2 protein chains.
Amino acid sequence: MATGTNSLELVVLGLLKEQDMHGYELKKRMTESLGLIMHASWGSLYPALARLEAKGAVKAVEARPAIPNIPMTGSLGGERAVFRLSGEGPRGSRNKKVYGITDIGSALFTAMLNNDSEIDEKGFAIRLAFANHMDSEKRLKMLRDRRDLILERVKSSRRNLEKKRFTLEPYVELVLEHFRLNNSSDLAWIEELIAKEESSMQTPETDLMVSQEVQDNL
Amino acid sequence: MATGTNSLELVVLGLLKEQDMHGYELKKRMTESLGLIMHASWGSLYPALARLEAKGAVKAVEARPAIPNIPMTGSLGGERAVFRLSGEGPRGSRNKKVYGITDIGSALFTAMLNNDSEIDEKGFAIRLAFANHMDSEKRLKMLRDRRDLILERVKSSRRNLEKKRFTLEPYVELVLEHFRLNNSSDLAWIEELIAKEESSMQTPETDLMVSQEVQDNL
DNA sequence: CGCCGATATATCAGCCCGATATAACAGTTT
DNA sequence: AAACTGTTATATCGGGCTGATATATCGGCG
């Protein structure tokens with residue numbers, strides 16, 4: 001069960017690797033920096049945090065108020081604090097639950113990042129976004145797998161449409177054409193990344209590898 | 001509840017508008033013609049059909065064996081048929097449940113297609129794929145809404161990154177750059193579609209509308 | 001002081017995905 | 001004819017995601 005890597009958990013761990021944060025901050029940070037790529041809803045983020053906590057991958061750490069937070073209104077603050085902290089982990093003044101990544105979490109992050117079974121568009125983009133935490137061998141494999149998958153998808157679509165035993169609605173052709181272009185663009189981009197990766201991986205016995213590539217292309 | 005339009009139900013209705021089909025055929029047809037755009041799993045398709053049936057949007061019609069299916073092995077076929085048809089709608093020889101669209105379903109299809117609350121990438125692509133069933137006014141509105149949404153998204157992302165109070169992981173920038181390019185490409189495509197739509201909508205009093213457009217752009 | 005918007009956490013129904021189970025049938029092999 | 005392999009066909013389940021909603025605190029502003 002749960003064969004594939006959970007993208008959201010991967011992102012949470014990746015962000016917590018940089019610094020401790022609470023849920024709200026995580027979402028803000030996510031949409032600010034990765035907003036074009038992915039988007040988390042409350043209904044997915046908090047359960048994800050709960051899951052990670054249950055696994056021991058993250059844990060609630062002490063409150064970290066951005067500004068010292070000087071209410072100092074006598075005993076009132078204390079009362080609230082007691083009420084709020086009833087039987088839970090440490091929280092901040094505003095009932096914040098600040099999470100930190102554990103060693104287990106770091107290990108899980110690496111494992112998820114290197115898990116090949118991920119295939120969909122979003123999962124690929126997210127893994128690539130954190131690809132500096134992979135070694136270049138894995139990175140290359142991921143890129144090639146993605147390239148092969150897109151190629152296969154496009155070929156399969158073309159095959160199906162050539163032996164078209166049905167009439168396509170006029171606008172369908174329009175949309176398909178655009179998606180095909182997008183795929184080509186993605187493909188070119190990935191090929192470029194592969195090339196860069198290969199050239200930056202040059203080792204002493206480069207000649208053998210190059211000749212291998214040439215042979216493959218004949 | 002269920003404010004947004006269910007893309008899968010929309011597609012099912014759209015395909016059933018062309019001809020009666022059973023579930024397996026629907027999925028095959030979907031991946032064959034729309035495979036680049038969307039993808040349905042068994043765990044979503046059959047419940048969707050059940051929902052549509054419950055709403056009265058589709059109903060099981062008589063079996064429609066592609067080839068007359070001549071078992072004719074005496075009473076055996078009859079026995080199986082009796083066993084299989086226990087208390088259900090009409091089915092074909094191989095326990096097929098062939099669905100047809102009803103008047104309610106046709107109305108629902110139109111309503112879903114013209115429902116503006118849809119916003120995500122996939123939903124847009126699918127509605128556009130069936131856009132020949134919309135009148136050109138609605139089509140135009142959908143295209144413009146989509147354009148505005150992408151524009152807003154890109155601007156928002158740029159705004160967030162300019163006041164970057166955080167350090168981006170190196171590969172994140174790479175991915176973001178590509179997504180920005182994709183957005184530009186999508187935008188150009190949509191603008192093109194809008195232009196085409198506008199020019200093919202020319203009516204007697206065109207001059208007024210054109211001058212309106214010009215005014216807007218000043 | 002009260003109001004409002006931003007901060008902060010949580011839950012729920014409904015839906016989707018991936019996996020799995022079950023079985024009839026078709027074609028080929030043995 | 002039995003045994004196999006692959007395709008056709010329907011269905012269900014756990015776990016995860018979305019969009020909506022509820023609740024409450026806090027900072028600032030008039």
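Note that this is a predicted model, so its numbers are computed, not measured. The chains referred to below are lettered A, B, ... by the order of the sequence lines, with proteins before strands, and numbering in each begins at 1.
Between B:Asn6 and C:dG14, a side-chain N or O to OP1/OP2 separation shorter than 4.0 Å is absent. Look at B:Lys97 and you won't find any side-chain N or O under 4.0 angstrom from OP1 or OP2 of D:dT10. Within the 4.0 Å cut-off from OP1 or OP2 of D:dC17, not a single side-chain nitrogen or oxygen of A:Ser44 is found. Using a 4.0 Å cut-off, no side-chain N or O of B:Tyr24 falls inside it from OP1 or OP2 of D:dT10. At least one side-chain nitrogen or oxygen of B:Arg51 sits closer than 4.0 Å to the OP1 or OP2 atom of C:dC16.
Between B:Leu49 atom CG and C:dC15 atom P the separation is 14 Å, expressed in whole Å. The CE atom of B:Met21 sits 12 Å away from the P atom of D:dA9 (whole-angstrom rounding). The separation between B:Trp42 atom CH2 and D:dA9 atom P is 9 Å, rounded to whole Å. Rounded to whole Å, the distance from CD on A:Glu25 to P on C:dA8 is 7 Å. For B:Lys28 and D:dG6, the NZ to P distance is 17 Å, given to the nearest whole Å. For B:His39 and C:dC17, the NE2 to C1' distance is 9 Å, given to the nearest whole Å. The CE-P distance, from A:Met30 to C:dT7, rounds to 16 Å in whole Å. With rounding to whole Å, B:Tyr46 atom OH is found 7 Å from D:dA11 atom P.
We find that A:Arg180 and A:Glu177 are joined by a salt bridge, their nearest charged nitrogen and carboxylate oxygen being less than 4.0 Å apart. Contact check on A:Arg144 versus A:Glu191 returns no salt bridge, with no Lys/Arg side-chain nitrogen under 4.0 Å from an Asp/Glu carboxylate oxygen. The pair B:Arg147-B:Asp186 does not meet the salt-bridge criterion, since no charged nitrogen lies less than 4.0 angstrom from a carboxylate oxygen. Electrostatic pairing of B:Arg139 and B:Glu197 counts as a salt bridge here, judged by a charged N lying under 4.0 Å from a carboxylate O. A salt bridge does not link A:Arg159 with B:Glu32: every distance from a Lys NZ or Arg NE/NH1/NH2 to an Asp or Glu carboxylate oxygen is 4.0 Å or more.
Checking D:dA9, D:dT21, D:dT12 against the side-chain heavy atoms of B:Pro47 singles out D:dT12 as nearest.
When heavy atoms are screened at a 4.0 angstrom cut-off, A:Gly43 is found touching base atoms of the nucleic acid.
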